[in-house]
K.L.:
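Input: one structure, supplied below.
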Amino acid sequence: MKKTILRFLVFTLVSFGAAASDYVPKLHTTPSVRQQGFGGFYTTDVYNFYGIFANPTTLALKKEHALYPSIDLNLAGPLKDVKNIVKSLSDGDTTLLSKIIEKNNGLQFGMNVSPLLSFGKISPIGLGWAFNTQVFMNASVPSVALSDVNLGLESSFRLGFGFRLINTDNHFLGVGATGKAFAQFAASNTGNIIDFIQKIKDDFSSIPAYFSIGYGIDLGAYYSLCNRLDIGFTWHDALTFAHVTESTIGDLKFEFGKAQKLDSKVSCGVAYRFPVDWSNGIITSFKVMAEYRDITNLFGDQIRNPVLDFACGTELVVGSFVSVRAGINDMYPAFGVGLAMKNFKLDFSVYGSELGLEPGSTPCLNSSIFIGFTY
C-alpha cells in the first residue's frame with residue numbers, strides 16, 4: 001500500500017496535472033513518430049522538418065522543409081486490457097478493475113493526437129515556422145481509490161531563425177533561436193476513478209479546468225565536421241512563462257494569474273553519419289546518435305535518476321523509401337519502421353518510457369503511427 005501511494009504522489013508531481021493551487025502547465029510537444037522509433041528528440045537530428053523542435057539551428061542549414069496537415073497518433077499503456085478496463089468503468093465493476101490494476105502494478109494511460117491542424121515550413125533563407133495542435137490525455141491509476149486524470153487541447157506557434165557562423169567544405173557551425181506562443185485547455189481530476197466516471201455522467205460541469213497561455217524561447221547550436229561527425233546543443237525553454245486561469249468546466253473563467261516561469265533543460269548530443277557510397281545506392285543513409293537530455297539534472301538536487309536522461313539510437317534508410325530504426329529511451333528499447341513515397345510518409349513506432357523517478361519503477365509501453373505529407 002505504501003508503494004502504491006508513493007507511486008501516485010510521484011506521478012502527480014512529475015505529470016502536468018497538479019492540485020489547483022500548484023498547477024503548472026506542461027507543453028505536450030512530442031517527438032515525431034519517426035523520432036520515437038530511435039529514442040526521441042536528438043539535437044543532431046536536424047535534416048528534417050521536426051528538427052525545428054529538437055534544435056533551432058535546423059534553420060541555419062537553410063534547407064527547405066514543409067509539414068502538411070497530417071494525422072499523428074500516440075497511445076500509451078496496457079493496450080491489451082483496454083476492452084476490460086472500459087467494461088469495468090462503464091459497469092462500475094470495482095472488482096474487475098482492481099484485478100486489472102493489480103496485474104499491471106497500477107495503470108498508466110496516455111494518448112496524444114495531432115489532428116489535421118498541424119503544419120509549417122522551413123525556408124532556404126533560414127526562417128521557419130510551425131503551428132501544432134494536439135489533443136492529449138494522461139491517466140495514472142495506482143488503485144481504484146487513487147487516480148489522476150488529465151485531458152485537454154493545446155495549440156502552439158513557433159517562429160525562428162538560424163545563422164551560419166562557419167560554412168566550409170569540412171566545417172559547419174550554426175546557431176538558432178525559436179520564439180513560441182501557446183494556449184492550453186486542460187481538465188483534471190484526482191480521486192476514485194469510478195467516482196470520476198460517474199461525475200462525467202452526472203455532474204460534468206464540476207470538473208476542475210485550467211486555461212493557460214504562455215510564451216518563451218528555445219536556443220540551439222550545431223557543429224558538423226566533414227559531414228560525418230555532428231555535435232548539437234539545445235537550451236529548451238531558456239526563458240518561458242505561462243499564465244493560468246483556474247475554474248471548472250461549468251464556470252469557465254479567464255482571469256489569468258501572475259506569470260510562472262517554466263522549468264528549462266539543456267540537451268546535448270553527438271552523431272556519426274557513416275559513408276554509404278559502397279552500397280551502390282541501396283543504402284542512402286545510416287547514422288548513430290547519442291544524447292543526454294537534461295544536463296541540469298546532474299547538478300543540485302537530483303529528483304530523477306540521471307541515467308534516465310541518456311538516449312541513443314540509429315536509423316538505416318534503404319533506397320530512400322524504407323527506414324528501419326532502433327534506440328534506447330528512458331532505459332527502454334525503441335523500434336520503428338517508415339515508408340516514404342515521394343512526399344507521403346507512413347511511420348510506425350513502439351517504445352518504452354519511464355513515468356517514475358527510477359529505472360523500472362513505472363514503465364509504460366507506447367505505440368505511435370503517423371500518416372501524412374512532409375517535404
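What you are looking at is a predicted structure, and each value in this text was computed from that prediction instead of being measured. Quick note: numbers below take in every heavy atom, side chains included, and nothing from hydrogens, waters or symmetry partners.
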K.L.:
Would you say N132 and E154 make side-chain contact, with heavy atoms under 4.5 Å?
P.N.:
no
K.L.:
Given the ring of Y42, does R293 sit roughly above its face, with NZ or CZ under 6.0 Å from the centre of the six-membered ring and within 45° of the axis?
P.N.:
yes
K.L.:
More than 12 foreign heavy atoms under 6.0 Å from NZ of K261: is that the case here?
P.N.:
yes
K.L.:
Are any of the side-chain heavy atoms of L59 and I122 separated by less than 4.5 Å?
P.N.:
yes
K.L.:
For the residue pair W129 and F119, does the interplanar ring angle fall in the parallel (under 30°), tilted (30 to 60°) or perpendicular (over 60°) class?
P.N.:
perpendicular
K.L.:
Kindly state whether the ring of F157 and the ring of F131 have centres lying under 6.0 angstrom apart.
P.N.:
no
K.L.:
Under 4.0 Å between a Lys/Arg side-chain N and an Asp/Glu carboxylate O for R325 and D347?
P.N.:
yes
K.L.:
Do K180 and D237 sit within salt-bridge range, that is, some charged N less than 4.0 Å from a carboxylate O?
P.N.:
yes
K.L.:
Measure the shortest side-chain to side-chain distance between Q35 and D45 over non-hydrogen atoms and say whether it is less than 4.5 angstrom.
P.N.:
yes
K.L.:
Is a side-chain donor or acceptor of E354 paired with a backbone partner of G360 at a separation under 3.5 angstrom?
P.N.:
yes
K.L.:
Do the side chains of R34 and N48 get nearer than 4.5 Å, heavy atoms only?
P.N.:
yes
K.L.:
For the residue pair H243 and Y215, categorise the inter-ring angle as parallel (less than 30°), tilted (30 to 60°) or perpendicular (more than 60°).
P.N.:
tilted
K.L.:
Relative to each other, are the rings of Y50 and F370 parallel, tilted or perpendicular (30° and 60° limits)?
P.N.:
perpendicular
K.L.:
Identify which one of L225, T44, V270 satisfies the side-chain contact (heavy atoms from CB on, under 4.5 Å) criterion when paired with D230.
P.N.:
T44
K.L.:
Centre-to-centre under 6.0 Å for Y292 and F310, is that the case here?
P.N.:
no
K.L.:
Does a donor on one side chain and an acceptor on the other come within less than 3.5 Å for T296 and D294?
P.N.:
yes
K.L.:
Taking atom CG of D263 as the centre, report whether more than 12 heavy atoms of other residues, nucleotides or ligands fall under 6.0 Å from it.
P.N.:
no
K.L.:
Assess the residue pair D148 and T190 against the criterion (side chain to side chain donor-acceptor pair (under 3.5 Å)); give the C-alpha distance rounded to whole Å, side-chain angles, the decisive distance to 0.1 Å, and a yes or no.
P.N.:
CA-CA 5 Å; D148 185 16; T190 59; 5.8 Å; no
K.L.:
Report yes or no: do T43 and N55 form a side-chain donor-acceptor pair below 3.5 Å?
P.N.:
no
K.L.:
So, do R273 and Y47 sit near enough that their side-chain heavy atoms are less than 4.5 Å apart?
P.N.:
yes
K.L.:
Contact between T234 and Y222 at the side-chain level, heavy atoms closer than 4.5 Å - yes or no?
P.N.:
no
